[in-house]
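One structure is given below, encoded as structure tokens.
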Amino acid sequence: QVQLVESGGGLVQAEGSLRLSCAASGRGFSVYAMGWFRQAPGKEREFVAAIRRSGTTYYADYVKGRFTISRDNAKNTVYLQILSLKPEDTAVYYCAAALDAFGYSHTYYSRVSVYDYWGQGTQVTVSS
């Protein structure tokens, strides 16, 4: 069992930046691939980024270099740095954990259904 708690969201002006954190408790954080997803009102939850236990990272195409995912296994924490925020980035951001499976890559880790554990989400609101 892994429990995930996100933090770092808030209200920010366009072109600002945020760093979201996701703290994990429970056993074996380092064996999990970690993902960030987001969900805007009236829309489906969508993939943002993922990081494997090896440190390999995957990003959604729309990220365009503005988002950086990282992890600190010593602190059981995964981060999402977001630069140049846009109003369309407004959403609830969720972190999630999935057992890191050999032989899978971007397409696999971009799927909501792959992840076994989810946090409660943190709201990010970007004003224009």
Study note, to complete from the structure: Nearest heavy-atom contact between Ser105 and Arg52 is CA-NH1, 4.5 Å
Practice item. Could you check if a side-chain atom of Tyr93 sits within less than 4.5 angstrom of a side-chain atom of Gln39, using non-hydrogen atoms only? Key: no
Exercise for review: Locate the shortest heavy-atom distance separating Val5 from Gln120; write the atom from each residue and the value.
Suggested key: CA-OE1, 3.8 Å
Throw together a table of side-chain donor-acceptor distances under 3.5 angstrom for residues 75-84, partners on residues two or more places apart or in other chains.
residue : atom : partner : partner atom : Å
Thr77   : OG1  : Lys75   : O            : 2.8
Gln81   : NE2  : Leu18   : O            : 3.3

Check your understanding: For the hydrophobic clusters of this structure (ILVMFWY residues joined by side-chain heavy atoms under 4.5 Å, transitively), does one cluster hold both Tyr94 and Tyr108?
Key -> yes
Check your understanding: Would you call the rings of Tyr62 and Phe67 parallel, tilted or perpendicular if under 30° counts as parallel and over 60° as perpendicular?
Key -> perpendicular
Study note, to complete from the structure: In short, Ala24 meets Leu4 closest at the heavy-atom pair CB-CD2, 3.6 Å
Point to revise | Single-linkage hydrophobic cluster Val112~Tyr104, side-chain heavy atoms < 4.5 angstrom | key: yes
Check your understanding: For the atom pair OH (Tyr32) and CZ (Arg27), what is the distance rounded to the nearest 0.5 Å?
Key -> 10.5 Å
Exercise for review: Considering non-hydrogen atoms only, spot the tightest contact between Leu85 and Arg66 and give its length.
Suggested key: CA-NH1, 3.9 Å
Check your understanding: What residue pairs, at least two apart or across chains, pass ring-ring contact (aromatic ring centres under 6.0 Å, His included) with a residue in residues 35-60?
Key -> Phe37-Phe47, Phe37-Tyr115, Phe37-Trp118, Phe47-His106, Tyr58-His106
Review point. Does one side chain, of Gln3 or Ser25, offer a donor that lies under 3.5 Å from an acceptor on the other?
Key: yes
**Study point:** Polar side-chain atom of Glu6 near backbone of Thr122 as donor-acceptor pair, under 3.5 Å
**Key:** no
Study note, to complete from the structure: Closest non-hydrogen atoms of Tyr109 and Leu99, given as atom of the first, atom of the second and distance, are OH-O, 3.9 Å
Check your understanding: So, do Leu11 and Thr125 sit near enough that their side-chain heavy atoms are less than 4.5 Å apart?
Key -> yes
Practice item. Could you tell me which non-hydrogen atom of Gln123 sits nearest to which non-hydrogen atom of Ala91, and how far apart they are? Key: NE2-O, 3.4 Å
Practice item. Mind running side chain to side chain contact (heavy atoms under 4.5 Å, CB included) on Leu20 and Val124 for me, showing each step along the way? Key: CA-CA 9 Å; Leu20 307 182; Val124 172; 4.0 Å; yes
Review point. Is there any salt bridge (charged side-chain N to carboxylate O under 4.0 Å, His left out) pair reaching into residues 36-50, and which pairs are they, with sequence neighbours excluded?
Key: Arg38-Glu46, Arg38-Asp89
Review point. Roughly how far, to the nearest 0.5 Å, is the CD1 atom of Ile51 from the SG atom of Cys95?
Key: 12.5 Å
Check your understanding: Side-chain heavy atoms under 4.5 angstrom apart, residues restricted to Ile, Leu, Val, Met, Phe, Trp, Tyr: same cluster for Val114 and Ile69?
Key -> no
